[in-house]
2 protein chains.
Amino acid sequence: MDAVLRADLVARGMTPDCAETIELVRDVLTRVGDKWTVLVVTTLEPGPMRFTALHERIAGISQRMLSHTLRALQRDGLITRTAYAEVPPRVEYALTPLGRSLAAAVDHLVLWVRTHRTDIARNREDFDGGG
Amino acid sequence: MDAVLRADLVARGMTPDCAETIELVRDVLTRVGDKWTVLVVTTLEPGPMRFTALHERIAGISQRMLSHTLRALQRDGLITRTAYAEVPPRVEYALTPLGRSLAAAVDHLVLWVRTHRTDIARNREDFDGGG
DNA sequence: CCGGATCCAAGCGGATACTG
DNA sequence: CAGTATCCGCTTGGATCCGG
């Protein structure tokens, strides 16, 4: 991954274990924080869904980005991809237990945002307006 | 913000309130998930710190990105910036209560990563290696 | 000491067209 | 139906120089 950064963190007095954790946290946050991941995961929460169903329900996403996002989630083991040998083809995506547990962890952040969004909005207005 | 996306979410059957929450969640995750925010926040956790101290402790960050990251955090009200009229100039940054509460919310994600990082690493290896 | 201004490279994400 | 390929603009982030 980013061995240089890890070495830097260790040099700052961190244990290698803690440094690697920070790396991974940033990595996970970067993935979850991209444009579509949260929407895809929340859309999958009720149950398995097909590619086209996701494409219809997540209005505004392109086929390319839906495909990329699904593949990234699959790579991390957060969703499963099941292709059925039928005509026409059918592919279903579903959250794994790991994906569900991540969604639960993200829920804490969702709760934090719901609680403090007015604070943030006001802070931004003050900062932008008041200089 | 992204009025189009919000309209899309509402069209999907979401309440405007919930749609706005998802927007803000994505917004916060995007901010927190950038390259340096987590490191800056964790570095500030022990107490207030000067620009140069941050620059030294967060090895690898450029002055430009440190400045940008600090300003973004300040804009959201997550840190304070205190400039002292001295020669040479002295500026101190510190987490606000809001910033501290966000750090606590992020801690859940940190815990999740600590718990499941081996799973994720193995999933990626399987996916990359196994095709 | 603190950072703004400028320039530049890499990657994310969108539109469109095309396959099994 | 479920994607892949190509092209392209925009944003992120780094290097460097300059000002208060």
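Atoms considered below: every heavy atom in the structure, side chains included; atoms not considered: hydrogens, waters and symmetry mates.
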- Measure the shortest side-chain to side-chain distance between A:L66 and A:Y93 over non-hydrogen atoms and say whether it is less than 4.5 angstrom. no
- Task: Among D:dT4, D:dC1, D:dG13, find the nucleotide with the atom closest to the side chain of A:R71.
- Result: D:dT4
- Choosing from C:dG3, C:dG13, D:dA2, which nucleotide comes nearest the side chain of A:F51? D:dA2
- With a non-hydrogen cut-off below 4.0 angstrom, is B:Y84 in contact with a base, only sugar-phosphate, or nothing? nothing
- Checking B:T96 side chain against B:T80 main chain: does a donor-acceptor pair fall under 3.5 Å? no
[X] side chain near [N] phosphate (N/O to OP1/OP2, under 4.0 Å):
| X | N | value |
| --- | --- | --- |
| A:R50 | D:dA2 | yes |
| A:S67 | D:dT4 | yes |
| A:K35 | C:dG14 | yes |
| A:Y93 | D:dC1 | no |

Quick one: [X] [atom1] to [N] [atom2], roughly how many Å, whole number?
| X | N | atom1 | atom2 | value |
| --- | --- | --- | --- | --- |
| A:D34 | D:dC10 | CG | C1' | 16 Å |
| B:I58 | D:dG14 | CD1 | C1' | 16 Å |
| A:E56 | D:dA2 | CD | C1' | 13 Å |
| A:R90 | D:dA2 | CZ | P | 9 Å |
| A:H55 | D:dG3 | NE2 | C1' | 11 Å |
| B:R26 | C:dC12 | CZ | P | 16 Å |
| A:E86 | D:dA2 | CD | P | 10 Å |
| A:L70 | D:dG3 | CG | C1' | 11 Å |

- Message: Checking A:R122 now: which residues fulfil salt bridge (charged side-chain N to carboxylate O under 4.0 Å, His left out) with it, not counting sequence neighbours?
- Response: A:D119
- Message: Using side-chain contact (heavy atoms from CB on, under 4.5 Å), reason through B:L54 and B:L70 one step at a time and then give a plain yes or no.
- Response: CA-CA 10 Å; B:L54 283 166; B:L70 289 170; 4.0 Å; yes
- Message: Just verifying a value: how many Å separate A:L102 CG and A:R100 CZ, rounded to the nearest 0.5 Å?
- Response: 12.0 Å
- Note on the structure: CH2 of A:W36 to OG1 of A:T69, rounded to nearest 0.5 Å, is 8.5 Å
Could you list the protein-to-nucleotides 17-20 of chain D atom pairs, N/O on both sides, closer than 3.5 Å?
none

- Residue pair A:S62/B:V91 against DNA chain C: nearer the 5' end by closest nucleotide is B:V91
- Query: For the side chain to side chain contact (heavy atoms under 4.5 Å, CB included) test, which of B:L44, B:T43, B:T37 pairs with B:V41?
  - Reply: B:T37
- Task: Test B:R75 against A:N123 for side-chain contact (heavy atoms from CB on, under 4.5 Å), laying out the working first.
- Result: CA-CA 6 Å; B:R75 177 170 181 264; A:N123 288 332; over 6 Å; no
- Query: For the residue pair B:H108 and A:H108, does the interplanar ring angle fall in the parallel (under 30°), tilted (30 to 60°) or perpendicular (over 60°) class?
  - Reply: parallel
- Side chains of A:D27 and A:T30: donor-acceptor distance under 3.5 Å anywhere? no
Please tabulate, one pair per line, each protein N/O and nucleotide N/O from nucleotides 6-11 of chain C that are separated by under 3.5 Å, including the distance.
unit_1	atom_1	unit_2	atom_2	d
C:dT6	O4	B:R64	NE	3.3

